[in-house]
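Data first, discussion second: the structure below is written as structure tokens.
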Amino acid sequence: MSQVRWIAGASAGLGALLLLAAPAFAAYKATSSQGVDLSGRWQLNAAASDDAEALLQQRLERERKERAAWDRRARDAGMMMPPPDQDAANDAPPAPPDRARRSSRERHLDTLRQMLGISSALDIKQSGANLQIVSEVDSRRFEAGTRSQVSLPQGELADSEVGWDGEWFVIKRLTKNGPRVVEKYRWLKKTDQLESRLAWSGEGELAGIKVRRIYDRAVGPVVLPNAELGPVK
């Protein structure tokens with residue numbers, strides 16, 4: 001009986017050690033074990049890719065309908081309430097002009113497109129553990145095998161983990177109670193193409209959106225990011 005208890009205790013202890021060691025084994029690698037190199041200029045193959053712009057517009061239309069329904073409910077509830085104090089209404093600041101509102105909406109839409117990586121081309125440079133991805137919406141540099149904290153395009157602070165998981169180069173960014181995004185790239189040897197996968201989850205406007213893209217090799221000038229957005233690490 002004592003031997004059985006010892007075996008059970010040893011097994012439990014080994015399990016605890018494995019659990020403690022798991023995060024170290026789960027970390028992404030600094031280099032690809034398969035020698036994958038993603039370097040090159042890549043042109044989006046629209047026919048073989050998900051339409052990220054269409055997915056974004058569908059999400060925005062759904063939110064517009066939800067807001068309209070909420071506004072209707074709020075107006076119906078307001079009909080049963082006393083009118084607002086006239087003096088308070090007079091003291092309220094003037095509404096911004098339509099032009100300013102449109103500009104704000106356009107900037108917000110640019111940010112969402114950046115978050116979805118909507119770009120017709122990529123330029124990737126890879127050297128050792130360092131990798132740079134330049135698109136029409138941003139320019140980013142990564143060091144594989146590292147963990148850090150970074151700011152997402154909408155300002156949230158996220159825990160970032162970057163590196164190689166087999167044939168995939170993975171960029172994972174997680175916030176505690178907000179959005180989460182996993183971005184992956186791999187080279188398709190048979191067709192000499194680049195595949196990318198992007199998945200947003202957690203809380204946020206893009207939660208639930210997943211995009212798969214295929215890129216063909218291209219020749220031509222380097223893709224430059226939108227100067228107004230600037231580089232994003």
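These numbers were taken from a predicted model, which means no experiment stands behind them.
Atom CG of L131 sits about 7.5 Å away from atom CD1 of I171, to the nearest 0.5 Å. The distance from the CZ atom of R147 to the NZ atom of K172 is 9.0 Å, given to the nearest 0.5 Å. If you take CG on L38 and CH2 on W168, they are separated by 10.0 Å, rounding to the nearest 0.5 Å. Distance check, rounded to the nearest 0.5 Å: CD of E66 to CD of E61 gives 10.5 Å. Here the straight-line distance linking atom CH2 of W42 with atom CZ of R213 works out to 15.5 Å at 0.5 Å rounding. Separating the CG atom in L109 from the CZ atom in R105 is a distance of 10.5 Å, to the nearest 0.5 Å.
Cluster annotation: L60 is connected to M115 through the hydrophobic network of ILVMFWY side chains, with a link wherever side-chain heavy atoms come within less than 4.5 Å. Criterion: ILVMFWY side-chain heavy atoms under 4.5 Å apart, direct or through other members. Under it, V181 and I133 are not part of a common hydrophobic cluster. Connection of V150 to L174 is not established within any shared hydrophobic cluster, with ILVMFWY side chains joined at heavy-atom distances below 4.5 Å, either directly or through further cluster members. Tracing side-chain contacts under 4.5 Å through hydrophobic residues (I, L, V, M, F, W, Y), one never reaches V211 starting from V170; they form parts of separate clusters. Under the 4.5 Å side-chain heavy-atom criterion for ILVMFWY residues, no single connected hydrophobic cluster contains both L44 and V134.
In the model, W187 has a side-chain atom that pairs as donor or acceptor with a side-chain atom of D192 under 3.5 Å. Of the N and O atoms on the side chains of T111 and Q154, not one donor lies less than 3.5 Å from an acceptor on the other residue. For the residue pair E143 / N130, no side-chain donor-acceptor distance below 3.5 Å is found, with atom types taken as modelled.
Residues S33 and G166 approach most closely at OG-CA, 4.3 Å, considering heavy atoms. When all heavy atoms are compared, the tightest approach of A52 to L116 is O-CD1, 4.1 Å. Counting all heavy atoms, side chain and backbone alike, Q149 lies closest to D159 at NE2-OD1, 3.1 Å. Of all heavy-atom pairs spanning L55 and K210, the tightest one is CD1-O, 3.7 Å. What you find for G208 and R59 is that their closest heavy atoms are C-NH2, 4.3 Å. Heavy atoms only, all atoms of each residue included: Q43 and A218 are closest at CB-CB, 3.7 Å.
Within a 6.0 Å sphere centred on CD of E53, heavy atoms belonging to other residues, nucleotides or ligands number more than 12.
Side-chain N or O atoms of S39 include one that pairs as donor or acceptor with a backbone N or O of Q126 at under 3.5 Å. Remark: side-chain polar atoms of S119 are paired, donor with acceptor, to backbone N or O of E136 under 3.5 angstrom. No donor-acceptor distance shorter than 3.5 angstrom exists from the side chain of R113 to the backbone of V137, with no hydrogens or angles considered. For the pair R217 (side chain) and G40 (backbone), a donor-acceptor distance under 3.5 Å is absent.
The side-chain contact (heavy atoms from CB on, under 4.5 Å) test with S135 is passed by exactly one of I124, L122, D123, I118: L122.
In this structure, the side chains of R186 and R197 come closer than 4.5 Å at one or more pairs of heavy atoms. The shortest side-chain heavy-atom distance between Y185 and E195 does not fall under the 4.5 Å cut-off. With a 4.5 Å cut-off on side-chain heavy atoms, L206 and L56 count as touching. With contacts defined as side-chain heavy-atom distances shorter than 4.5 Å, the pair Q34/K189 does not qualify. Side-chain contact check for S139 versus Q132: some heavy-atom pair is nearer than 4.5 Å. I214 has its side chain within reach of L188: a pair of non-hydrogen atoms, C-beta onward, lies under 4.5 Å apart. Side-chain atoms of E156 and E203, non-hydrogen and from C-beta on, never get closer than 4.5 Å to each other. In this structure, the side chains of S32 and E167 stay at 4.5 Å or more apart for every pair of heavy atoms.
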Can Y28 and W164 be said to form a ring-ring contact (aromatic ring centres under 6.0 Å, His included), step by step?
-> CA-CA 5 Å; Y28 296 125; W164 290 93; over 10 Å; no
